[in-house]
Every structure is written in C-alpha cells, then in structure tokens.
S.K.: 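Pasting a structure below so you can have a look.
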Amino acid sequence: MISMKGACDLHIHTSPDIFARIANDVETAIVCRDAGMKAIVLKCHADTTMTRAWHTQNQVPGIRVYGGIVLNLNVGGINPAAVDVALKMGAVEVWMPTYHSLAHYQATGLMGGYGHQGADVKASYPVKPITILDEAGNLIPEVYQILELVKAHNAIIGTSHLGSDEALKLIRAAREMGCQKVVLTHPFFNPPKCTVEQVKEAVDLGAFVEFCSGNALSPIPAPISLDLYKEVIDLCGADQLIISSDTGHPRKTMAPETSRMFAQSLTYKGVKEADLERMLKDNYHKLIDFED
C-alpha cells in the first residue's frame with residue numbers, strides 16, 4: 001500500500017476562510033504530521049498564509065508548514081507590492097488569481113466562488129475579472145515585475161486559475177526570465193482545463209505539473225479521469241510531476257488520505273510505485289528549500 005511517510009503537499013485549504021473548511025491550520029498540520037508527511041503549504045483564496053504558517057509551525061513540531069499569496073482582488077490582483085511583502089515574510093509560492101480570474105469567471109459564471117456553492121458567495125460590489133494579458137494578448141508589465149521578485153527569492157510561481165493559454169504564456173515568460181520553480185496548477189481542473197498536449201508543452205518548457213488528488217476523486221464539480229493522469233505520466237515521465245491534494249473542502253477527506261487514495265488508484269492503472277514516490281516526495285525537494 002502507498003505510504004504517505006515523507007510526502008509533501010503544495011496545496012491545502014484550511015480555516016479560517018470565507019468557505020466552509022474541514023479543519024483549521026493547526027488541526028490540518030497535526031493530521032498531516034501524524035500521517036508521516038514532511039511538509040505542507042497552506043493556501044487560501046481570501047488571505048495570505050505566511051503568518052498563519054509561521055504560527056502553525058510553532059504549535060505543531062515534526063512537520064514543516066509553509067504559506068504563500070494568491071493574487072486575487074483582496075490583495076490588489078496582479079500587484080507586485082503585495083508579492084514583495086509576501087516573499088519577504090516567507091511566502092514559498094505566489095499563485096496567480098483563483099476565483100477572481102477571468103478564466104474562472106468564464107468557467108463558473110461566478111466571481112468569488114464556484115457554481116456548486118450558489119449565489120451567496122458572490123461579491124456584494126462590482127468586480128472585474130482579472131486577466132494577465134493586455135488587449136493584444138501580451139503579458140501585462142506587472143507580471144514581469146512579479147516574476148523578477150519570484151526569481152530573486154527563488155520562490156514558486158503557480159498558474160492557479162489562469163486559462164490554459166494564459167498559463168502557458170506565464171510559464172514561457174517565467175522560464176525565459178530564469179525562474180526555476182514554475183508550477184502548472186491542477187491542469188485538468190476547469191480552469192485551466194489543459195489538454196494533454198498543453199501539459200506536455202509546460203513540461204518541455206521546464207515547468208512542474210501539480211496533479212491535485214482532490215480534483216480527480218471528488219464528484220463535485222466533476223471527477224477527472226485517472227486515464228488523463230496516466231497518459232501524462234507515460235508521455236512526460238515523473239521527474240517534473242508532483243501530487244498535491246487541493247483538499248480542505250468538507251466534501252473531501254483530509255489531505256493525507258486523499259493523496260494516498262489517488263496514488264493508490266494510479267497503481268491500478270499501471271503507474272509504477274517508484275514514479276509515485278517521486279511525485280509525492282522526491283520532486284518536492286526541487287521546489288522547496290527545506291530547512292535542516
């Protein structure tokens with residue numbers, strides 16, 4: 001059976017949040033530590049998580065806890081000033097917009113939530129969806145400023161809920177500028193709803209690809225076929241792939257079990273256990289500078 005001992009997770013949602021969560025920061029860290037995991041990264045659509053990770057780390061020894069910033073409207077959107085401060089305060093990942101992105105709005109019809117949550121998550125004031133492209137389809141100047149900051153801090157830039165075309169333009173620019181830690185976030189979730197060919201392009205550009213187990217196994221908004229993940233592994237190899245959970249939602253199990261179930265299911269599709277070990281554990285050493 002797949003073991004979570006030494007595994008990491010780049011993508012866990014916890015409370016407090018504007019959405020219901022299954023556990024708070026400390027409770028989540030304890031469950032992950034007790035499952036033998038090495039490190040987790042807390043993500044929140046509505047809040048930065050560097051300070052939350054710092055406090056959690058001080059309360060839960062035996063596991064490394066990290067945070068980051070999501071570039072939604074609550075931090076000013078594509079805002080280099082917010083990124084600068086977040087990185088100086090210890091953020092390990094800068095995520096592009098999630099529920100405030102144009103691609104998210106086009107996919108769900110909602111700003112600030114998801115279709116299955118209903119109208120109660122809608123913003124109570126006018127909001128404009130965020131795109132990182134100008135009218136000509138080029139990256140806006142602020143994106144390059146953010147990439148320079150990410151590069152200087154050797155942090156991760158994650159595509160998050162950008163559309164697939166936006167995500168690939170971001171990945172290409174980040175790699176050309178010398179960013180070493182670039183992650184295509186949950187490629188088969190919508191957004192970005194990438195094709196297998198687009199995932200291969202991201203890998204060829206030098207990006208890591210984050211398979212989120214909670215997306216694959218959850219019936220809401222829709223399950224994602226395990227065959228897609230197997231196809232990418234066969235096509236690209238496992239050296240630039242990681243498994244995260246994207247859990248925290250009450251409809252999903254806690255992070256360690258969700259990722260274990262996903263990895264275990266992939267073994268039944270013929271994925272080698274050695275490849276899953278790389279995706280759950282080894283490849284994270286290329287993305288996070290673990291302290292001694």
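Just so it is clear, the model here is predicted, and its values are computed rather than measured.
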S.K.: Would you name the heavy atoms of F19 and G112 that are closest together and state the gap between them?
M.R.: CZ-O, 3.5 Å

S.K.: If you measure only the distance, is there a donor-acceptor pair under 3.5 Å linking the side chains of T28 and R21?
M.R.: no

S.K.: Less than 3.5 Å apart, any donor N or O on the side chain of S213 or S259 sitting next to an acceptor on the other?
M.R.: yes

S.K.: Residues sharing M50's hydrophobic cluster, by side-chain heavy-atom contacts under 4.5 Å among ILVMFWY, directly or via others?
M.R.: V85, M89

S.K.: Centres of the H285 and F290 rings: under 6.0 Å?
M.R.: yes

S.K.: Would you please test E257 and R260 for salt bridge (charged side-chain N to carboxylate O under 4.0 Å, His left out) and show each step?
M.R.: CA-CA 5 Å; E257 182 61 7; R260 190 203 64 78; 2.9 Å; yes

S.K.: Can you give each donor-acceptor pair under 3.5 Å made by side-chain atoms of residues 33-40, sequence neighbours left out, with the distance rounded to 0.1 Å?
M.R.:
residue	atom	partner	partner atom	Å
R33	NH1	P61	O	3.2

S.K.: Do T253 and T258 have side-chain atoms, one donor and one acceptor, less than 3.5 Å apart?
M.R.: yes

S.K.: On a heavy-atom basis, which atom in L102 and which in P129 lie closest, and how many Å separate them?
M.R.: CA-CB, 3.6 Å

S.K.: Within the 3.5 Å criterion, strictly below it, is a donor on S244 or Y284 matched to an acceptor on the partner's side chain?
M.R.: yes

S.K.: Less than 4.0 Å between a side-chain N and a carboxylate O, is that true for K181 and D289?
M.R.: yes

S.K.: Below 30° counts as parallel, above 60° as perpendicular, anything between as tilted: where do the rings of H13 and H11 land?
M.R.: perpendicular

S.K.: So, H55 and D25: side-chain donor and acceptor under 3.5 Å apart, yes or no?
M.R.: no

S.K.: Considering only NZ, NE, NH1 and NH2 on the basic side and carboxylate oxygens on the acidic side, decide whether R172 and E201 come within less than 4.0 Å.
M.R.: yes

S.K.: Between T14 and L42, what is the shortest heavy-atom contact and its length?
M.R.: CG2-CD2, 4.0 Å

S.K.: What is the distance from atom CD1 of I288 to atom CD1 of I242, rounded to the nearest 0.5 Å?
M.R.: 8.0 Å

S.K.: Answer with yes or no after comparing the ring centroid distance for Y229 and F188 against a 6.0 Å cut-off, counting only values under it.
M.R.: yes

S.K.: Salt bridge between E148 and K151, side-chain N to carboxylate O under 4.0 Å?
M.R.: no

S.K.: Do NZ/NE/NH1/NH2 and the carboxylate oxygens of K169 and D165 come within less than 4.0 Å?
M.R.: no

S.K.: What residues form a side-chain hydrogen bond (donor to acceptor under 3.5 Å, both in side chains) with N190, not counting sequence neighbours?
M.R.: none

